Amino acid sequence: MSAPVWPAVLGRFGWQDLPFVLAWQHPTINELIGAGAAAMVVIGAGVVALLLTVTHRWRWLWSEWLTSLDHKKIGIMYIVIAFVMLARALIEANLMRLQQATAINAPGIVAPEHFAELFSTHGSIMIFFMAMPFLTGVINYLVPLQIGARDVAFPLLNAIGLWLTGSGAALMMISLVIGRFSTGGWSGYPPYTEIAFNPGVGPDYWIWAVTLGSIASTLAGINIAVTIYKMRCPGMHLMRMQMFCWTSLCTAILMVFAMPPLTVATALLALDRYLGFHFFTNAAGGNMMNYANLFWMFGHPEVYIVILPAFGIYSEVVSTFSSKELYGYVSLVIATMGIAVLSFTVWLHHFFTMGQSPSINAAFGIATMAIGVPTGVKIYNWIWTMFRGEVRFATPMLYALAFMMTFVLGGLTGIILAFPPLDYVVHNTTFLVAHFHNMLIPGTLYGLIAAYTFWFPKAFGFRLNETWGRIACGCWVIGFYLAFMPLYVLGAAGLARRTQAIDEAAYRPWLYAAELGAVILFCALAALIVQLWVSVRDRHANRVFAGDPWDGRGLEWSVSAPPPEYNFAHLPHVEQRHAFYDDKRRHAPYAPPPHYDAIAMPRNSAVAPVIGIASAIAGFALVWYIWWLAIAGLVAIIATVIARSFVRDTERTIPAAEVEREQALWLHAVDKAHPVPRERELTPANQGLAEVHR
Amino acid sequence: MTPPRALLPVLVASLPLGGCDALRLGIVDHAGPVAAAQWHLYLIVAAVLVFVAGPVLVLVPLMAWHYRLSNKGDAYRPDWGFSWPLEILVWVPPIGIVIGLAFLLWNTTHALDPYRPLASAEPPLEVQAVALDWKWLFIYPGEGVASVDRLVIPVGRPVHLSLTSGTVMQSLLIPQLAGQVYAMGGMRTQLYIAASRQGVFRGENTQYNGRGFQDQKVAVIATDASRYTRWLAAVRASTPMLDGTALARLTRRSVETRPLAFSRVPPHLFDRVMSVTRTKEGQ
C-alpha cells in the first residue's frame, strides 16, 4: 500500500491502489492483466451508460426496472447480475488454469498474490454473486406463478434483497479498479485474514461484499418462505405444489437458518480487524477454530441452498420432457426435507483435519454419508419418471441427463471424502476442488442454465435458439470433464489447491488437459451469449405468446408469455397437483373468467435502490477507512427506512377494464394459435399452445 | 452426453503424454503403513461405490433412449407415478449400504486416527513441527537438533509429530506416508507417520498462507538407521546453533532457498513458540 493521498477525505487511498498506475510504473504481464481487468470494468460500465444515454433509456430503466417491485422483474434482474458475475468468475477461472499450465517450473503469467486474489474472487463470486442471485432470481420469478399468487409476501423487502446483492457484487467489481481483493480464499479463514497478517484492504472488501450478500440472502429466504406459507391460491395445499416450490421452500428455510452464522462470522472478523477485538486472533484468547465452525455451519447448508432449487428444476424438466407425471412426489418431498435437516448435521466434515477426536470425526462422517441416501433417491425418482414416458431431448433435458450422469460421480468422491482417513490424504488438494466443482457445476450451474432455457420463453415470450443451446450444453459438459477429472488425479498425487506455481513436471499432462477444459467451458459461456443474440434476432419467428411451449404442468404455463404484471387476471382455484396439465386434458383451460376485477399491485419505490446504493457506499467507505462517508451511508439507509414508514400510498390499482383488455388480447391469440405436437415443439410451429389428446 | 463419451478426450489427451507418472507422487505409491492402510481403505470404498453408481450410470442413458418420443412401440403411462416395490428398491438398498459403510467408517477412523500411536517394537521418534511463513521447522527434542524444510527419519521407526504454528494456520501433508493435520497457533496437534522403505518423499503445506505458499515444500528423507545416525552426527558437528538470530531469521516471512539444519536447539523451544504465539500478535 502506498502513502495516502488525502487521509482526511479519502481515508487510506493512495495512487498505487489504482492498477493503472501500477501497470504504468511496472508494465509486467501481471500488472497489465490487473489493469486490463480494471479497464474492462470501467469500459463496460461506460459503454452501458453511453448506450442508455444515446437511446434515452435512463428513465425507462429507472421506472420500468430499477424501482419495480414486480417479482418477475426482480427475478430477471437477479439473473442479469448472476450472468455478469459468471462471466467475470469464469474468466478468472481461465486465468488460473492458464497460470498453472504455464507455471510448471516457470513463473507463469500472474504473480503469487494476484493468483490468490483470483481464487478468492472466483470462489466468492461463484457462490455469493453467481449461484445465489441466479437461484434467488429463478425462485423469485417462478414461485408466485407456480402457487397462483400475484406477488411475493414482501415486495419491497424483495427489492431490497436484490439491491443488497447488487451492492455486494458492485463492491467485488470496484475491488478490481481500486485496491486489491482478499487473498484469503472464499472462506476467508483467520488468522490469515486478521489485521496482523493482512493489513490491506483485501479482506475488508471480502468482509463487506459477503456481509451484504448474506444479509440479502437472509431477507430473500424470509420472503420466499412466507410467500409459500401464506400466498398460495385457493386449493393449493402444500402437497399439491410443484416440486420446485418444495425445493424453494427448503432452500428458503436453509437461508433463514444458515445465512446468519455467516453474517455473524464476518461481523466478528470485522470487529477483530476494525476495533481490535480478539475473536479469531492467535493472541489474547482468540481462536480461529470458532470461525471454522461458524463459517461451515453456514457453508454446508449453503451447498444445499444452491443445489436444492436445481433439484426442483430437474424435477420439472424431467417430468415435462418425459411427458409424464413426476415419479414418487411424496418420496421426493420427504427426501428434500430430509436433505434440508441433515444439511445442518455435517458441517464438521470441512475440517476433519483440525485434530478433534476420531469419534467426533466418525459421527460427522456417517452423517455425511447419510445425506447421500435422500440424494440418491432423488436420482432414481427422475429415472423412474422417464420410465414409460416419451422423452424429448430438448436442451433443458440434455442438461438434466448430463447432470444425473455427472453428479453421481461427484457423489462417489463425496463418500470418499466423508471417510476421515481418506479425507486426511486429499483434503486441501485439487481432489477436493474437483469434488465440489463436480457437485456444483452439474448440480447447480447446469440446473440454473436448464431453468434459464426452460422458462426463458415464459419470461420473454419467445424460445431460445435450440442449436446454440445444444452447443453450449455440449461445451459445459465436455469442458467440465476435461477441466475437473484431471484435478482428481492431481489431488491424489498431492497437488495442493491454490498453488500458483508447479514444481513437479509429472503434473504437466493433467494440467494441460484441465486448461483445455477451462477453454471449452469459456466457449460454453460464449455459446450462451451467441444463443441469446441469435434468439433475440429471430424472436418474431419463435414467439410463444400463448404461453405453453412445452406442454407444461404447473400454473406458470397457464398464463401468457410473458405473463401480465398481475400474473393471473383471475386467481386460480386448483383441485389437484399439476392443475394446468389436467385442465388441458379434461377442462377448458383458456375459458375467460366470468368477470374481471380491478387488481391492486405494489407501486414502484425508490427505497430499495437508495438503500442498495447507500450500503455499497458505506461498504466501500469502510474498506478504505473513509469514516465520514461510511457514516453518511449508514445514516442514509436509516433515514430511508424511517421515511418509507411514512409512505402510506404503496399500491396502485389496475382497472378491471385494462385487465379485461389484456386478457382478451391473449385469449384471442390463444384462439388463433395452432396447437403444436411434441414432435414439432422445437420449430417455429410452436406458438405456445400444446396439442393434447383428451 | 454420457461420461464415457465425454471422458474420451481426457484419455486420448493424456495417454500419449504418460500421465500416470503424477500418481507416483501420491498415496497410490504409498511408502508407509499409514498410507498403505489408507490406500487399502480407498480400494474397499471404491469397490462398494461401483455398486452405488453403476445402476445410475446404466439406467439413465437406457431409460432416456429407450423411452424416447420417436420410439412409439413402448408403453406410455403418463399418469403413473408411484410404486411401493420401487420405493423400497430406491430407499432400502442405499440405507443398507450406508449402514454397512458406517461400520467401516467408524472402525477405520479410530484405527487410522492421526493421534493413535503406531504399533512398533521401537519407541517413536519425537519430532516437533513448527509452521512458519513459508517454511517448516522440525525440532528433534531428544536429539537436540533441528532442520528446516527437510525431515530426516529412520525407516521402520514410527515418528510422532507434534505440530504448532508460529503464524497463521497451516497443514502438513506427506501424501506417500500419511494424511494431514492442521498446525494452529498456540495449539498442539499430533500426527504419527512412518516410512517402510527408503526414499525422498514430498511434504507440503496445503493451507494457503500467503505469497510464498507454493514454495513451502519439505523433502522427507527416509533412510536406514545407520545413515540417520550419521546425519545426526553431521548436523551436531557442523551446523550453526539455533540461537536468537537464527530464530529471528526463520520467523521472517520468507522462503528458504535450500534446507537448513541447526545444532543445539534451546530447550522447550516448541512450547515457547506456542506461548509466544498465544500472547503476541502477528509475526
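Numbers restart at 1 for each chain; the letters A, B, ... are given by sequence-line order, proteins then strands. All figures in this text were calculated on a predicted structure; none of them were measured in a lab.
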Margin query: Any salt bridge linking A:D503 with B:R202? Criterion: basic side-chain nitrogen under 4.0 Å from a carboxylate oxygen.
Written below: yes
Next item on the list: Specify whether A:Y488 and A:F431 have parallel, tilted or perpendicular ring planes, treating 30° as the upper limit for parallel and 60° as the lower limit for perpendicular.
Entry: perpendicular
Next item on the list: Would you mind telling me which of B:L89, B:V90, B:N71, B:L163 has the largest number of heavy-atom pairs within less than 4.5 Å of chain A?
Entry: B:V90
Next item on the list: Using a cut-off of under 4.5 Å on heavy-atom pairs, state which of B:R188, B:Q190, B:M187, B:R116 scores highest against chain A.
Entry: B:M187
Margin query: At a 4.5 Å cut-off on heavy atoms, which part of B:M184 comes close to chain A: side chain, backbone, both, or neither?
Written below: side chain
Next item on the list: Under 4.5 Å heavy-atom distance to chain A, tell me which part of B:L101 shows up: side chain, backbone, both or neither.
Entry: both
Notebook entry, point to check: Is chain A contacted by the side chain of B:L104, its backbone, both, or neither, given a heavy-atom distance below 4.5 Å?
Noted result: both
Check: Is chain A contacted by the side chain of B:S83, its backbone, both, or neither, given a heavy-atom distance below 4.5 Å?
Finding: both
Check: What is the ring orientation for A:Y327 with B:F82, classed by angle as parallel under 30°, tilted 30 to 60°, or perpendicular over 60°?
Finding: parallel
Item checked: A:F393, part contacting chain B, at a heavy-atom distance under 4.5 Å -> side chain
Margin query: Tell me if the aromatic rings of A:Y446 and A:F403 count as close, with their centers under 6.0 Å from one another.
Written below: no
Check: Within the distance-only criterion (no hydrogens, no angle test), does the side chain of B:D149 pair as donor or acceptor with the backbone N or O of B:W136 below 3.5 angstrom?
Finding: yes
Item checked: Greatest number of heavy atom pairs closer than 4.5 Å to chain B - which of A:Y329, A:Y192, A:Y380 -> A:Y192
Margin query: Looking at chain A, which one of B:V181, B:T189, B:V45 has the largest number of heavy-atom pairs inside 4.5 Å, strictly under?
Written below: B:V45
Margin query: For B:Y115, which atoms come within 4.5 Å of any heavy atom of chain A: side chain, backbone, both, or neither?
Written below: side chain
Item checked: Residue, of A:I379, A:V391, A:I415, that accumulates the most heavy atom pairs under 4.5 Å with chain B -> A:V391
Item checked: Side-chain (A:K324) to main-chain (A:T385) donor-acceptor, under 3.5 angstrom -> yes
Checklist line | Side chain / backbone / both / neither for A:A111 at chain B, heavy atoms under 4.5 Å | finding: neither
Next item on the list: Please look at B:P55 and chain A and tell me whether the side chain, the backbone, both or neither of the residue comes under 4.5 angstrom of a heavy atom of that chain.
Entry: both
Next item on the list: Please test A:E325 against A:S319 for side-chain hydrogen bond (donor to acceptor under 3.5 Å, both in side chains), starting from the C-alpha separation and ending with a verdict.
Entry: CA-CA 6 Å; A:E325 184 173 327; A:S319 166; over 6 Å; no
Note to self: Looking at A:D423 and A:A418, would you say the former's side chain and the latter's main chain have a donor-acceptor pair under 3.5 Å?
What the structure shows: no
Check: With a 4.5 angstrom heavy-atom cut-off, which part of A:V330 approaches chain B: side chain, backbone, both or neither?
Finding: neither
Checklist line | Proximity breakdown for A:M288 and chain B, heavy-atom pairs closer than 4.5 Å | finding: side chain
Check: Side chain, backbone, both or neither: which part of B:D215 has a non-hydrogen atom closer than 4.5 Å to chain A?
Finding: neither
Next item on the list: Would you confirm whether A:Q356, through its side chain, and A:F351, through its main-chain N or O, come within 3.5 Å as a donor-acceptor pair?
Entry: yes
Next item on the list: State whether A:E679 and B:R68 are salt-bridged, where the test is any N-O pair (Lys NZ or Arg NE/NH1/NH2 against Asp/Glu carboxylate O) under 4.0 Å.
Entry: no
Check: Of the non-hydrogen atoms in B:T164 and B:V273, which two are nearest, and what is the gap between them?
Finding: CG2-CG1, 4.3 Å
Check: Quick one: are the ring centres of B:Y208 and A:F119 less than 6.0 Å apart?
Finding: yes
Check: With chain A, which of B:Q180, B:Q207, B:H110 has the greatest number of heavy-atom pairs at distances under 4.5 Å?
Finding: B:Q180
Next item on the list: Give a yes or no on whether a salt bridge exists between A:R585 and B:D79, defined as a side-chain N under 4.0 angstrom from a carboxylate O.
Entry: no
Margin query: What part of A:M397 gets within 4.5 angstrom of chain B, counting heavy atoms only: side chain, backbone, both, or neither?
Written below: neither
Margin query: Aromatic contact between B:Y67 and A:F387, with the criterion being ring centroids under 6.0 Å apart: yes or no?
Written below: yes
Next item on the list: Quick one: which of A:A501, A:G365, A:G389 has the most heavy-atom pairs under 4.5 Å with chain B, could you say?
Entry: A:G389
Checklist line | chain A contact via B:E204 - which portion, at a heavy-atom distance below 4.5 Å | finding: side chain
Note to self: At a heavy-atom distance under 4.5 Å, which candidate from A:G185, A:G355, A:S322 has the highest pair count against chain B?
What the structure shows: A:G355
Margin query: Need one label for B:V98: side chain, backbone, both or neither, based on atoms under 4.5 Å from any heavy atom in chain A.
Written below: both
Notebook entry, point to check: Tell me, side chain or backbone of A:F352 under 4.5 Å from chain B's heavy atoms, or both, or neither?
Noted result: neither
Next item on the list: Under 4.5 Å, counting heavy-atom pairs only, tell me which of B:A64, B:S165, B:G26 racks up the most with chain A.
Entry: B:A64
Notebook entry, point to check: Do you know which of A:P420, A:A370, A:S359 has the most heavy-atom pairs under 4.5 Å to chain B?
Noted result: A:S359
Check: Would A:S323 and A:R392 count as having a side-chain donor-acceptor pair, cut-off 3.5 Å?
Finding: yes
Checklist line | Choice from A:S357, A:A492, A:G411, A:G372 maximising heavy atom contacts with chain B below 4.5 Å | finding: A:A492
Notebook entry, point to check: Checking A:Y581 against chain B: side chain, backbone, both or neither under 4.5 Å from a heavy atom?
Noted result: side chain
Checklist line | For chain A, the option from B:S171, B:A46, B:S70, B:P114 that forms the most heavy-atom pairs under 4.5 Å | finding: B:P114
Check: What part of A:N381 is in contact with chain B, defined as an atom under 4.5 angstrom from a non-hydrogen atom: side chain, backbone, both or neither?
Finding: side chain
Check: chain B heavy atoms under 4.5 Å from A:S331: which part of the residue, side chain, backbone, both or neither?
Finding: both
For a quick test of your reading: what N or O donor-acceptor pairs under 3.5 Å do the side chains of residues 35-42 of chain B make, sequence neighbours left out?
from: B:Q38; atom 1: NE2; to: A:P421; atom 2: O; distance (Å): 3.0

Margin query: Using modelled atom types and a 3.5 Å cut-off, is there a donor and acceptor pairing between side-chain atoms of B:D133 and backbone atoms of B:T167?
Written below: no
